[in-house]
A.B. asks: 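Just dropping this structure here.
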Amino acid sequence: MSSPDPASTDPASTEPPGASCPVCGRAVGAGPSCPDCGWLLRTRVLVGPVTQKMEVAFAIALEQWRRRWDLRLVARICDDPGPYQVYIRGGAPSAQEWEAARRDIEPAAPDAEDDQGLRAVLSDVVDGLEPGRGTVLVEVDPDGVTVVQAGLDSFGSPRLGDARTAAWPQLLPVLSRAPRELHVQLVRGIPPLDQRQPWDLMLGRIPAIPRERLLVIGRPAGWQVLDRVAEMVVKNRPEARLVRVSGTVDGVSARTVLAGLMKAAPLNRPYRLLLGVVDPVSGAVRVQDRQLFARGAQPGTEQSLPLRLLPGDGQDITLAILAADQRVAEPLVLARVDLPAGSAFRLRAVLDGPGRVRILEPEGTKVHSRPWADISREIPDRVDLAPVQADLICAIELCGPNELVQARLRLVAELLTVLAAEYPEQGRLRAAALTCTDHVFQRGREQLPVVWERQLGPVSETRAWLAERTSAVIGYAAAAPVEDMLHRASELLYESRVAGRAARLLTIAGRSPHPYPQDPAGRDRTLPCPLGHDWRESTGRLARLADARCVAVTDTAQTGGHAQIWRELGPAGLHVLPETTARLVGEDLGLLARGAQRIGLPLPDAE
Amino acid sequence: MTNTSGAAPEQHNRASKSIGMWGATGSGKTTFLAALNFAVLRSDNEDLRLYGVDDASTRFLTQGNYDLTTRHSFPDATQQIRGLSWVMSLSSEAPVRRMFGRMARASAPAEFNLDLCDPPGRVFGSAPAPAPRPQRRMDIDSAPPDIPPAAVPDRDIVEYLARCQGALLLIDPIRERALGDAQDSFQATLLRIAQHYLPGQQPGSRLPHYVAVCITKFDDPEVYALARANGYCSHDEGDKHWFPRVHDAHAERFFRELGDKLDIGDIDLVCSGLSRFFYPGRVRYFVTSAIGFHVGPDGRFHPEDYQNVVEEPGKQVRVRGKIRPINVLEPVLWLGQQITAAG
């Protein structure tokens with residue numbers, strides 16, 4: 001169908017002022033045809049009267065042109081003309097008419113993107129998000145004009161801000177509030193809005209658009225009002241990009257697509273689990289993180305980490321997950337779980353999407369009810385705990401009444417038994433034993449060794465070696481060669497420290513060490529160590545160089561100057577043999593956890 | 001054989017000049033004598049010899065040697081011994097007549113007696129001997145024995161000492177601090193000697209004896225510590241052990257300071273008595289140690305570890321290492337040279 005022959009029109013029209021196109025309703029311009037619908041508005045003047053035949057022909061042509069125009073409009077709105085057939089002059093179209101109309105509109109927006117193109121554009125938006133720099137999405141669609149800001153949240157996850165939408169009747173009150181009529185108006189355009197003023201007013205009613213990268217989506221492409229408004233939004237915004245998207249009124253909004261893309265985006269930074277790390281030597285506690293999900297991890301990725309707990313620590317364990325370089329102190333995920341004290345377990349977590357991590361194991365994990373600030377405040381600076389790797393030296397005086405010596409050996413045996421159970425991993429705890437008998441202050445015998453040694457090795461083997469020790473007679477009552485054991489212990493534990501192992505020393509004796517040198521004032525007549533070992537120097541080395549934790553056990557409570565000596569021999573704990581237990585000694589040695597001791601975070605464990 | 005019959009030894013081997021030992025109970029006379037034998041034997045002077053004048057005296061030396069070297073213990077106290085005597089031979093400077101009747105001094109062999117005739121040391125004092133107790137070298141913690149009213153020193157002993165040309169006065173500062181009887185013993189004996197000798201002498205006369213005052217137990221930690229802390233210690237260049245010594249010239253001052261700082265009774269009265277009753281130049285002080293100091297594996301003295309006795313509560317004091325007497329021979333030689341040179 002075509003409009004009347006333009007050759008028959010006359011430009012010197014006699015149409016009334018404010019005349020509009022009989023097809024699309026647009027104000028008539030100066031041209032011979034309507035720029036929108038192409039209806040021939042003006043023909044040359046025909047000579048002669050207008051015949052009925054001519055009138056009929058014109059009426060038919062106009063009707064056809066109008067129908068064709070309406071069908072095109074409706075075809076731009078939806079795939080099924082049913083709901084909109086009232087807006088089709090001439091009634092419901094035949095299938096052929098509808099197909100033809102749909103074919104006609106295809107080239108209406110040749111630069112428009114389809115859904116796939118839209119996803120690509122929006123994917124670029126997600127990928128281009130940077131900390132502190134987002135993109136403003138302005139979507140001009142059948143709902144109205146929606147402004148929404150896309151950016152990275154405090155954890156670096158892409159997030160859409162709240163959408164602010166101004167509906168069309170708010171923007172242009174002349175538009176209908178009835179959706180279908182509104183859609184038709186939006187597609188067809190509104191003749192009175194050909195004037196500039198209403199559009200300017202409309203721009204003022206659009207929600208404020210932040211001055212950031214701007215992406216304007218006009219959807220569906222070819223809707224006259226939408227196209228015009230979209231162009232007006234990008235006007236004077238050189239950073240703005242206008243994308244028209246083909247489709248119908250039923251299409252998914254760009255912001256919905258963008259939200260979906262954000263949820264499905266790979267991680268733009270690693271996620272890390274907070275762990276407690278205990279210095280194996282000093283027991284100092286630090287909070288460290290270990291990667292749980294790597295940068296680029298896709299939603300659905302599952303990861304697991306082997307973890308363990310501080311011995312004695314099990315209740316209210318905090319599982320905290322951070323995003324690298326996050327801008328807030330509060331973790332991305334803050335959960336809690338109760339576990340058996342000292343247990344080893346695996347953390348299994350699945351990445352649901354940026355900013356969304358689901359903990360699968362351990363079971364019973366719940367959202368923490370307390371803020372991280374409170375939890376972190378309770379993490380101690382230092383704990384007395386089982387170190388990752390430790391060397392324990394048991395230095396035992398073998399002189400004295402057999403019953404007493406056996407009591408010393410029994411305490412050590414009990415301690416080693418407990419420790420063997422507490423440290424089943426091979427090589428994690430090694431034990432050595434040093435025993436001594438008295439110096440012999442006789443000519444030619446003073447330089448003889450008085451310390452016997454069981455080298456560092458498995459705890460059970462050291463315990464077996466000690467079980468074969470027997471008591472010896474006291475040869476010099478005033479002192480025992482504790483200083484010689486300390487000297488040797490300082491050598492061994494220094495090597496342990498160099499090897500990164502925590503150093504522990506347990507000294508059990510009935511008498512104080514020999515001094516060295518002889519008391520300069522001459523009051524203490526105890527003979528100095530003939531081998532020249534100074535126990536104070538050795539304890540200093542143990543503390544400074546080996547960073548050893550030293551505990552001492554005496555047969556009886558010491559008094560006077562001896563009490564001070566023993567306090568120095570056991571700075572981490574001084575016990576009296578009949579009153580102590582292996583557990584108490586082990587706790588002071590930092591090899592057994594005290595009941596009340598906890599850090600509340602899991603520790604890393606070996607794979 | 002122990003001589004219990006009289007004060008003065010009567011053996012026929014005796015020399016003409018004698019030195020008597022003088023000191024309170026436990027002042028270390030027995031140990032000093034035993035150590036003297038070591039000192040003589042270890043001396044570089046091959047002219048020196050010490051030997052007993054009889055079997056008992058010889059056996060005493062033998063036993064002392066055995067105790068100190070084999071048993072590593074101190075000789076038993078001289079509870080019952082009387083009249084032991086040894087002869088010391090040495091080279092001495094003596095006046096000789098030269099050509100034209102001129103007199104000169106020349107080295108010549110000489111001998112003198114060293115007599116231990118007091119034995120129990122209480123004889124020198126005014127108190128009876130305390131009841132025998134386990135031997136303790138340093139009995140400073142034990143309460144002093146109950147001391148009864150003054151007893152008179154044995155007359156024979158005093159007369160013997162008065163007849164000697166020299167006296168070896170032993171004072172144990174550690175024992176003196178604990179018991180305080182040395183001064184008492186000294187004064188009582190000194191007055192008896194003066195009573196015996198001075199009557200009939202020219203007015204202003206003094207006792208003619210030479211006296212070597214031996215402050216014993218220099219090896220004791222407190223004595224050595226005080227000497228070291230106050231700058232009294234020196235070393236002989238020729239001493240291969242580098243033992244500390246207190247020079248004789250400073251010995252009296254050290255003795256007085258020892259009395260002050262260790263709060264040892266009336267030591268100043270001993271010094272005062274000696275200077276008043278004997279001629280100037282005839283009294284000399286020596287700081288001595290019978291057993292000497294311990295030496296390390298390198299054979300040298302180390303101030304960090306020098307104690308040469310092992311003492312434990314309830315046990316006999318033992319000698320730890322070799323006996324290396326310090327200033328034991330020197331006072332005897334000095335006395336010997338003085339009395340033999342006096343002609």
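To find a chain, count down the sequence lines: A is the first, B the second, and so on, and within it residues start at 1.
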A.B. asks: Indicate the atoms forming the closest heavy-atom contact of A/Pro520 with B/Ala225, along with that distance.
C.D. replies: O-CB, 3.1 Å
A.B. asks: Please state whether the side chain, the backbone, both or neither of B/Arg228 comes within less than 4.5 Å of a heavy atom of chain A.
C.D. replies: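 When you check distances to chain A, no heavy atom of B/Arg228 falls under 4.5 Å.
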A.B. asks: Given that the side chain runs from C-beta out, which part of A/Phe441 has a heavy atom under 4.5 Å from chain B: side chain, backbone, both or neither?
C.D. replies: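 Its backbone and side chain both get close to chain B.
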A.B. asks: Could you pull out the closest heavy-atom pair between A/Pro528 and B/Glu304, with the gap in Å?
C.D. replies: CG-O, 3.4 Å
A.B. asks: Just to verify, what does A/Trp566 make a side-chain hydrogen bond (donor to acceptor under 3.5 Å, both in side chains) with, not counting sequence neighbours?
C.D. replies: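 Here the qualifying residues are A/Ser512.
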A.B. asks: If you take all heavy atoms of A/Arg443 and B/Thr69, which pair is closest and at what distance?
C.D. replies: NH2-O, 3.7 Å
A.B. asks: Please determine whether the number of non-hydrogen atoms from other residues, nucleotides or ligands lying under 6.0 Å from atom CH2 of B/Trp242 exceeds 12.
C.D. replies: no
A.B. asks: Taking atom NE2 as the centre, does B/His302 end up with more than 12 heavy-atom neighbours from other residues, nucleotides or ligands that are less than 6.0 angstrom away?
C.D. replies: yes
A.B. asks: For a quick test of reading the model, state the closest non-hydrogen atom pair linking A/Leu527 to B/Val309 and the distance between them.
C.D. replies: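 Closest heavy-atom pair between A/Leu527 and B/Val309: CD2-O, 3.8 Å.
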A.B. asks: Under the salt bridge (Lys or Arg N to Asp or Glu O under 4.0 Å) rule, collect the residues that match up with A/Glu491, sequence neighbours excluded.
C.D. replies: A/Arg488
A.B. asks: Counting only heavy atoms closer than 4.5 Å, note whether A/Pro515 contacts chain B via side chain, backbone, both or neither.
C.D. replies: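 A/Pro515 has no heavy atom closer than 4.5 Å to chain B.
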A.B. asks: Has B/His247 got more than 12 heavy atoms of other residues, nucleotides or ligands less than 6.0 Å from its NE2?
C.D. replies: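 No.
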A.B. asks: Taking atom CD of B/Glu222 and atom CG of A/Asp524, what is their separation to the nearest 0.5 Å?
C.D. replies: 11.0 Å
A.B. asks: Using non-hydrogen atoms and a 4.5 Å limit, figure out which bit of A/Gln442 sits close to chain B: side chain, backbone, both or neither.
C.D. replies: both
A.B. asks: Is A/Ala478 in contact with chain B via its backbone, its side chain, both, or neither, using a 4.5 Å heavy-atom distance?
C.D. replies: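 A/Ala478 touches chain B through backbone heavy atoms alone.
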A.B. asks: Check each atom of B/Tyr224 against the heavy atoms of chain A and say whether the ones under 4.5 Å are side chain, backbone, both or neither.
C.D. replies: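 B/Tyr224 has no heavy atom closer than 4.5 Å to chain A.
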A.B. asks: Does anything in residues 319-328 of chain B get under 4.5 Å of chain A by heavy atoms, and if so which residues?
C.D. replies: B/Arg320, B/Gly321, B/Lys322
A.B. asks: Nearest 0.5 Å, please: how far is NE2 in A/His514 from CG in B/Asp305?
C.D. replies: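 So the CG of B/Asp305 and the NE2 of A/His514 are separated by 10.5 Å.
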A.B. asks: Apply salt bridge (Lys or Arg N to Asp or Glu O under 4.0 Å) to A/Glu397 and list each qualifying residue two or more places apart in sequence or on a separate chain.
C.D. replies: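 Salt bridge (Lys or Arg N to Asp or Glu O under 4.0 Å) check on A/Glu397 returns A/Arg408, A/Arg511.
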A.B. asks: Quick one: what part of B/His294 sits under 4.5 Å from any heavy atom of chain A, side chain, backbone, both or neither?
C.D. replies: side chain
